[in-house]
There are 2 protein chains.
Amino acid sequence: MARPKTTPRTVDNPSVAEVTLQQLLEAVADPVRRSVIAQLALAGHGLSCGTFDLPVSRSTATHHFNVLREACVISQHYQGTTKMNTLRPDDLDARFPGLLRAVIDSCVRETTQVPEAH
Amino acid sequence: MARPKTTPRTVDNPSVAEVTLQQLLEAVADPVRRSVIAQLALAGHGLSCGTFDLPVSRSTATHHFNVLREACVISQHYQGTTKMNTLRPDDLDARFPGLLRAVIDSCVRETTQVPEAH
DNA sequence: CCGTTCCTTCGACGTCCGTCGTAATATGGC
DNA sequence: GCCATATTACGACGGACGTCGAAGGAACGG
């Protein structure tokens, strides 16, 4: 409250120390969010929110980005009218060694190996 | 149906090939189930269902054991009247390299580092 | 047999989370 | 200023999951 009329469109990316294991695991347990992770990993660079291919509405996508950011899986920052998303690759390793890396790998395999006809 | 009156009390531990990433991540996203994992890892050997220290009723605990077994995180087998639970340490590594190992480590840290009064 | 112990099955209930549409805000270009 | 674009905030809804208690089956020991 007492916020000025103009919100300068800043994003606060939380510090790794504030993230719980519960938060991280819940974040990656959703298929839409894992799709975000996979697309970011495959792209190799940041992507704006609108460029993702997701099977949900814009507002739902915003929700998922928030969850991922608060779990320190991605970091976000504004760039003009768009919002860029990038993976936070090694930050979380101090707190949960190897975990995010393994999750990202599995997310990529999950999407690239989709052509698995039995 | 057409089941004999006496159920021989067998358990079918699914094969790793049938487990999805979704299943595994959902399984470990629950705090009670992570407690099971941590207690098993700390014990270093199998534990019967009744010896776990869990904040839920017996029937709920049974449910959680089922979820963990179907995700190939634990394997179960009867031993007299009790049901033994053991971690399936390296099975899942073929399918999700490094993932379960990292999760187990984080579960152990989560419970052993509980004495974190700030 | 009979009782005890251990675990499971079955409904039922409550809550949380993913989903949406609509309305609103910020930026950039004209 | 004004419009178009990009994203967010706000309620609302529905389904899924964690939870429980009560009843039941299985093994072991008398």
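Quick caveat: nothing in here was measured; it's all calculated off a predicted structure. A note on names: the letters A, B, ... follow the listed sequences, proteins ahead of strands, and every chain is numbered from 1.
If you measure from atom CG of A:Asp30 to atom C1' of C:dC16, you get 14 Å, rounded to the nearest angstrom. Atoms CD (A:Glu70) and P (D:dT8) sit 12 Å apart, rounded to a whole Å. The distance between atom CD1 of A:Ile74 and atom P of D:dT7, rounded to the nearest whole Å, is 12 Å. Atoms CG (B:Asn85) and C1' (C:dC7) sit 11 Å apart, rounded to a whole Å. Rounded to whole Å, atom C1' of C:dC7 lies 15 Å from atom NE2 of B:His64. If you measure from atom CD of B:Gln22 to atom P of C:dG18, you get 11 Å, rounded to the nearest angstrom. C:dG18 atom C1' lies 13 Å from atom CG of A:Leu54, rounded to whole Å. Here the P atom of nucleotide C:dC7 and the CZ atom of B:Phe52 are 10 Å apart, to the nearest Å.
For A:Ser59 and C:dG21, a side-chain-to-base donor-acceptor distance below 3.5 Å is present, hydrogens and geometry of angles not being considered.
Judged by distance alone, the side chains of A:Ser106 and A:Glu110 never bring a donor and an acceptor atom under 3.5 Å apart. Side-chain polar atoms of B:Ser57 and B:Thr60 form a donor-acceptor pair below 3.5 angstrom.
The side chain of B:Arg33 contributes an N or O atom lying less than 4.0 Å from OP1 or OP2 of D:dG18. Regarding contacts with the backbone of D:dA27, every side-chain N or O of B:Lys83 stays at 4.0 angstrom or more from both OP1 and OP2. Distances shorter than 4.0 Å separate none of the side-chain N or O atoms of B:Thr62 from OP1 or OP2 on C:dC7.
Where A:Glu26 and A:Gly80 meet DNA chain C, the nucleotide closest to each residue was compared, and A:Glu26 sits on the side nearer the 5' end. Along DNA chain C, the nucleotide nearest to A:Gln79 and the one nearest to A:Thr60 differ in position, and the one closer to the 5' end is contacted by A:Thr60. Comparing A:Asn66 and A:Thr81 along DNA chain D, the residue whose closest nucleotide (by nearest heavy atom) sits nearer the 5' end is A:Thr81.
Taking CG from B:Leu40 and CG from B:Leu87, the interatomic distance works out to 4.5 Å, rounded to the nearest 0.5 Å.
B:Cys72 pairs with exactly one of B:Val19, B:Asn13, B:Leu100 by the side-chain contact (heavy atoms from CB on, under 4.5 Å) rule, that one being B:Val19.
Taking only side-chain atoms of A:Ser48, from C-beta outward, the nucleotide of D:dC17, D:dA26, D:dT7 with the closest atom is D:dT7.
Across every non-hydrogen atom of B:Arg34 and A:Gln22, the tightest pair is NH2-OE1, 2.6 Å.
Residue contacts for A:His63: at a heavy-atom cut-off of 4.0 Å it reaches a base atom on one of the strands shown. Among the atoms of the strands shown, only primed sugar atoms or phosphate atoms (P, OP1, OP2) are found under 4.0 Å from some heavy atom of A:Thr82.
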